[in-house]
Amino acid sequence: MKYDYLVVGAGLFGAVFARQAADAGKRVLVIDKRPHIAGNVYTEAVEGIQVHQYGAHIFHTNDKAVWAYVQRFAEFNRFTNSPVANYHGELYSLPFNMYTFNRMWGVVTPAQAEAKIAEQRRAAGITEPRNLEEQAISLVGTDIYEKLIKGYTQKQWGRACTDLPAFIIKRLPVRFTFDNNYFNALYQGIPVGGYTAMVARMLAGIEVRLNTDYLADKAALDALADRVVYTGPIDAYFGNCLGPLAYRSVRFETEVLDQPNFQGNAAVNYTDAETPWTRIIEHKWFEFGKGADGQDLPKTVISREYSSEWKPGDEPYYPVNDAQNGALYKAYKALAEKEEKVVFGGRLGEYKYYDMDQVIASALSCAERLLR
Ligand code: FAD
Ligand code: UDP
């Protein structure tokens with residue numbers, strides 16, 4: 001065997017695993033079917049702006065070890081995510097906080113906001129939330145649910161809020177303070193110079209073959225290495241033999257505009273059901289509107305995001321963690337455990353709604369287990 005490890009996928013899971021294995025003296029080959037490294041965190045400079053080609057990525061974590069790890073490969077800026085919600089032209093602060101409650105109800109104190117939410121929760125008669133709708137109403141009341149959650153969530157997931165698990169909405173903080181920071185994280189920022197440069201540093205000195213589809217040439221590629229770390233979709237690995245898992249896909253419509261400022265913020269969510277896109281990203285604000293040498297940039301780049309159900313040929317972005325797909329994933333996982341040579345990792349390999357920091361933590365612990 002020429003390599004100890006064949007790593008399928010040059011996204012964060014694959015790059016971190018490959019780095020750890022190479023540092024442990026293993027011979028590693030990384031392949032990716034795309035023409036570039038970095039998976040979904042891939043960024044590319046357009047008009048001097050780092051464009052997040054597969055959707056906006058804000059690094060945030062409470063995990064000190066992960067934060068220390070990424071510092072080895074990039075310097076992070078002080079970007080704090082504070083998206084704005086646009087509901088038919090009314091603008092609200094996100095996540096749900098005192099600015100949002102004030103705009104929605106005119107309340108001024110935390111006690112008034114809490115009383116308003118409690119009143120709406122009581123009127124809805126929810127005691128034990130059983131789905132995303134009930135969870136949302138019990139967290140923030142019916143007005144916020146109707147204006148800021150219902151339409152956005154149904155566009156994002158293509159399912160009614162009553163058919164979605166409660167945990168999805170629990171990702172969002174609810175605060176009775178004037179704090180627009182979207183994340184409850186000790187550490188947050190964007191790698192200066194973009195994510196692609198960060199992943200390139202992770203992969204420094206490691207052989208990478210792009211435009212190489214593992215599943216199209218599996219036997220020949222398997223013959224190159226003792227073990228395989230596979231970060232593609234788990235159902236595709238098994239030829240969808242138990243039926244396809246559901247994924248949500250996203251289509252991005254990116255435009256360069258000959259103006260310096262389109263929306264004044266990195267992210268604006270369109271939370272009504274009628275606007276066809278879920279959000280618009282204006283990439284330059286991830287780096288405060290400045291180019292690499294600190295100058296103001298005359299143009300701007302925006303991306304409208306449209307969410308859709310995944311179908312063959314699309315990129316699978318989000319696992320759909322409902323009961324039916326959870327059960328199907330379990331069946332695939334049982335098959336995966338019988339594949340002695342192969343380890344499955346990452347958002348698609350584990351069919352898990354991982355954030356970047358969680359995927360890095362998972363790759364580090366996988367590497368520790370395998371390389372011990
Ligand atoms: P990926 O990045 O998907 O990498 C898998 C790689 O495997 C891909 O490059 C793919 O081409 C390759 N591959 C698949 N099949 C094959 C094959 N057969 N042969 C060869 N190669 C193959 N997380 C955050 O922390 N903050 C955010 O703000 C955030 N925003 C997000 C926004 C969007 C729209 C999405 C979709 C995700 C977001 N995430 C965010 C999550 C983040 O993208 C993931 O946690 C992370 O990128 C997962 O890394 P991965 O290596 O598991 O998967
Ligand atoms: N959400 C919402 N309105 C918003 C933003 C988010 O209802 O303006 C809901 C939606 O259901 C989404 C969930 O909150 O799926 C989690 O949001 P997050 O921003 O974490 O989603 P991501 O795109 O990062 O998965």
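This structure is a prediction, so every number in the text was calculated from the model and none was measured. Just so you know, ligand 1 is whichever comes first in the structure, and atom 1 is the first atom listed for that ligand.
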Is the [X] ring parallel, tilted or perpendicular to the [Y] ring (thresholds 30°, 60°)?
| X | Y | value |
| --- | --- | --- |
| F178 | Y99 | perpendicular |
| Y42 | H36 | parallel |
| W67 | F76 | tilted |

Short N or O distance, [X] and ligand 1, threshold 3.5 Å exclusive:
| X | value |
| --- | --- |
| E305 | no |
| Y317 | no |
| Y54 | no |
| D357 | no |
| F13 | yes |
| G55 | no |
| N40 | yes |
| R279 | no |
| Y230 | no |
| A38 | no |

Check your understanding: Counting only non-hydrogen atoms of the protein, does one fall under 4.0 Å from atom 53 (O) of ligand 1?
Key -> no
Check your understanding: Are any non-hydrogen protein atoms located under 4.0 Å from atom 46 (C) of ligand 1?
Key -> no
Check your understanding: If you draw a 6.0 Å radius around CD in E75, do more than 12 non-hydrogen atoms from other residues or ligands fall strictly inside?
Key -> no
Exercise for review: Mark yes when over 12 heavy atoms from residues, nucleotides or ligands other than K341 sit less than 6.0 Å from its NZ; otherwise mark no.
Suggested key: yes
Practice item. Could you name the option among I58, D355, L348, T278 that has the heavy atom nearest to atom 26 (N) of ligand 1? Key: I58
Exercise for review: May I ask which of G232, G349, P316 has a heavy atom nearer to atom 14 (C) of ligand 1 than the others do?
Suggested key: G232
Exercise for review: Could you see which bit of T212 sits under 4.0 Å from ligand 1, with heavy atoms only: side chain, backbone, both or neither?
Suggested key: backbone
Review point. For ligand 1, does A15 get within less than 4.0 Å through its side chain, its backbone, both, or neither, judged by non-hydrogen atoms?
Key: neither
Determine, for [Y] and [X], whether the Lys NZ or Arg CZ falls below 6.0 Å from the six-membered ring centre while staying within 45 degrees of the axis.
| X | Y | value |
| --- | --- | --- |
| R347 | Y354 | no |
| R34 | Y54 | yes |
| R171 | Y353 | yes |
| R103 | Y92 | yes |

Check your understanding: Does Y270 reach the main-chain N or O of A273 with its side chain, forming a donor-acceptor pair under 3.5 Å?
Key -> no
Review point. Is it true that E309 and R159 make a salt bridge, defined as a side-chain N closer than 4.0 Å to a carboxylate O?
Key: yes
Exercise for review: Indicate whether any N or O donor in one side chain lies under 3.5 Å from an N or O acceptor in the other, for N181 and R175.
Suggested key: no
**Study point:** Polar side chain donor-acceptor pair, D143 to Q120, under 3.5 angstrom
**Key:** yes
Check your understanding: Which of the numbered atoms in ligand 1 are below 4.0 angstrom from a heavy atom of V359?
Key -> 48 (C), 49 (O), 52 (O)
Check your understanding: Quick one: does Y354 get within less than 4.0 Å of ligand 1, heavy atoms only?
Key -> yes
Pairs under 3.5 Å, N/O atoms on ligand 2 and on the protein: can you put them in a table with the distances?
residue	atom	partner	partner atom	Å
ligand 2	3 (N)	L148	O	2.9
ligand 2	7 (O)	I149	O	3.4
ligand 2	7 (O)	T153	OG1	3.0
ligand 2	8 (O)	N269	ND2	2.9
ligand 2	11 (O)	T153	OG1	2.7
ligand 2	15 (O)	W157	NE1	2.9
ligand 2	19 (O)	Y182	OH	2.5
ligand 2	20 (O)	R171	NE	2.9
ligand 2	20 (O)	R171	NH2	3.2
ligand 2	21 (O)	Y353	OH	3.4
ligand 2	23 (O)	Y318	OH	3.1
ligand 2	24 (O)	R171	NH2	3.2
ligand 2	25 (O)	Y353	OH	2.0

Check your understanding: Picking from Y182, F183, Y187, F286, what satisfies ring pair (Phe, Tyr, Trp, His ring centres under 6.0 Å) with F79?
Key -> F286
